[in-house]
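Below, chain A is the first sequence line, B the second, and so on; all start at residue 1. Basis for what follows: all heavy atoms, side chains included, without hydrogens, waters or symmetry-related copies.
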Amino acid sequence: MEKVVTRFPPSPTGHLHLGGARTALFNYLFAKHHNGKFILRFEDTDRERSKEEYVDSIKRALEWLGLLWDEGPYFQSERLELYQEYAKRLYEEGKAYYCECSKEFLEERKKALLEKGLKPRYEGLCREKKLPPGPGRALRIKVSEEEEIIFEDLLRGKIVFPPEEVDDFIILRSDGTPTYQFAVVIDDLTMGVTHIIRGDDHISNTPKQLLIYQALGVDLPYFAHIPMVLGPDGARLSKRHGAKSILEYKEEGYLPEAVINYLARLGWGYGDQEYFTLEELIEKFELNRVNLSPARFDPEKFLTFNAYWLKNLETQRILPHLKPFLSAYPISNYSEDYLLKIIESVRVRVKTLKEMAEMIDFYFLEELKYDEEAKKKFINAHTKPLIKALIEDLEKLDLEDEKAIERYFRGFAENSGVKLKDLAQALRIALTGKTVSPPLFEVMKFLGKEKVKLRLMKAIK
RNA sequence: GCCCCCAUCGUCUAGUGGCCUAGGAUACUGGCCUCUCACGCCAGAGACACGGGUUCGAAUCCCGUUGGGGGCGCCA
């Protein structure tokens, strides 16, 4: 097989969201699985809506996900001459013609046809006029009215369109810029793209693109139309329906590993396996395992995947992602080893990095933020003397030895006639300020004797 | 309106004519574990959209219906 080349061609008119990211992922995985090349290309021929800002955010999102492109990014806006050359060729070969119909006129015709219950299509008014290029004239491709248009989709098999489905469509606007249909074909052709993997909303565009390939007299690439990602409500996932950008998930404390994994499982499966690393996906990804029906995005399950990776990824790989969430604290005062141990102790208890940061903030705070209500409840006339006694005992304890501490506390509770449960809550508040924390004896160990003593004293003051 | 795609638990999926009394995950319910919160473990409930064919046999193949999604731009 020739070398596989895939591409991801976002238009920089918005941030990268889950749907786009999944398309990028599948293209990336397919290319990497076959030792091929993955190209990034920005389709920015719509100068009105394209923004530099989005180019930047899409790139950052892909980088964060680890979907690194081997070539590009290309910009269609920088390749206008190329499109014009190809268009000129089609015009000179009589395969395309100039059209002088105004937008307003076409709009009217479309309305009229629609009212008659007909398919809105260009009626070929300028087809035989043999107009030369000129201002206000768009270039249309000549389309046969008799032949069915057939193509073989890698996932769905043969797809047939009746000839009347495609009219003489525009390939070059009257301002000389190419339309999407034309630009994609020329780009994919000149960039050597072998496999076009894209959302199935493009199925209906494919016939038009096929006709361009045909007119050009070149071989077709392979097409694979993957199902779209729908919102939880089953409606199309789109920016207007509040689809969040990938970068927003980053800010909410999602791990790229989780995003990748969840996205891969939307519309793709590998037996009963649920969890995959990027490396594993590259190894196992095959197009024939892609589902054909659209998948709904389920925030709940997405969170679960994040929780899974939070508790299974090596702590060294979590730390860099966690650091931005800890920026309010002087974490540079703590060793990496210390931070890793803390991560280890809370990773099973949280679902996002944000939650993780909140859960361990007490390690870094000079002044604890107490849950006042809980403090009142658990640090009372009954427990205060006990805490005082504990402070005395602290000197002779080895906080490094968790097991020993636990034995000591169990004994202490028994002797004092309180349940460890109740004593533990009082201590938890005193040491962390909260009612929920990592295991107490671990907290003491990591805090160290000095801080434990200080915090206990402060709590009973 | 016309055209195209799709159809298994709520959701993501396994399943490619007999292994299906339909498996897993998640969410849900109950229990166990337990210093809090979690994790974990055990158990439960939960689906082949419907109707016709084909076949000895259909979740799996064919047709229709219904439902969902998409497209019909000098947007991408």
Side-chain angles (χ1 to χ4, degrees), chain A residues 9-13 43-46 48-50 76 99 101-103 106-107 110 113-122 136-140 153 155-156 159-162 164-167 169-175 177-181 183-184 199-207 225 227-228 230 232 234-236 262 265-275 288-289 291-305 307 311 346-351 359 374 406 409-410 413 419-429 432 434-441:
Chain A
S11 68
T13 53
E43 310 217 319
D44 58 348
T45 54
D46 182 349
E48 297 284 302
R49 295 195 299 146
S50 296
Q76 289 189 330
C99 167
C101 300
S102 70
K103 280 186 197 174
L106 292 171
E107 197 58 42
K110 179 177 160 186
L113 288 172
L114 224 38
E115 269 165 26
K116 276 193 248 169
L118 294 171
K119 174 118 184 153
R121 66 199 305 274
Y122 181 65
R137 289 177 187 171
L139 188 64
R140 285 183 187 272
D153 186 277
L155 300 179
R156 297 158 208 266
I159 299 180
V160 183
F161 291 86
E164 60 273 16
E165 268 311 295
V166 184
D167 60 2
F169 59 96
I170 291 173
I171 57 176
L172 228 49
R173 300 180 188 116
S174 50
D175 65 0
T177 59
T179 55
Y180 161 75
Q181 309 286 2
V184 228
D200 64 15
D201 49 332
H202 283 282
I203 290 180
S204 324
N205 285 327
T206 311
H225 290 94
M228 311 216 314
L230 271 26
R236 179 186 193 149
Y262 179 69
R265 291 286 292 108
L266 271 189
W268 179 84
Y270 189 84
D272 281 340
Q273 187 175 347
E274 294 286 340
Y275 302 108
N288 59 15
R289 292 190 157 272
N291 255 8
L292 297 182
S293 46
R296 290 187 196 205
F297 164 66
D298 179 6
E300 202 76 45
K301 186 142 185 172
F302 185 26
L303 236 202
T304 303
F305 272 79
K311 66 174 165 273
V346 291
R347 65 196 311 198
V348 300
R349 290 160 226 281
V350 294
K351 291 193 189 319
M359 186 163 257
E406 179 161 1
F409 274 93
R410 286 194 184 283
K419 284 186 182 153
L420 179 61
K421 217 176 183 163
D422 299 322
L423 180 63
Q425 275 315 70
L427 292 172
R428 197 183 311 282
I429 300 281
T432 71
K434 317 170 208 262
T435 53
V436 171
S437 83
L440 250 194
F441 310 118

Original post:
Between the base of B:G71 and the side chain of A:N205, is there any donor-acceptor pair under 3.5 Å?
Top reply: no

Any base atoms under 4.0 Å from [X], or only sugar-phosphate, or nothing? Heavy atoms, all strands.
X      : value
A:R296 : sugar-phosphate
A:P10  : nothing
A:Q425 : sugar-phosphate

Original post:
Nucleotide by nucleotide, 5' to 3', does protein get under 4.0 Å of the base (B), only the sugar-phosphate (S), or neither (-) in nucleotides 2-8 of chain B, counting heavy atoms?
Top reply: BSSSSS-

Original post:
Is any NZ, NE, NH1 or NH2 atom of the basic residue among A:R265 and A:E274 found under 4.0 Å from an Asp or Glu carboxylate oxygen of the other?
Top reply: yes

Subject >> Nearest to side-chain heavy atoms of A:K311, which nucleotide of B:C39, B:C75, B:G70 >> reply: B:C39

Subject >> RNA chain B: 5'-proximal contact among A:D46 and A:K421 (nearest heavy atom) >> reply: A:K421

Using a cut-off of less than 4.0 Å, is there contact between a side-chain N or O of [X] and OP1 or OP2 of [N]?
X      : N     : answer
A:R265 : B:A14 : no
A:R173 : B:C75 : yes
A:T304 : B:A27 : yes
A:T45  : B:A76 : yes

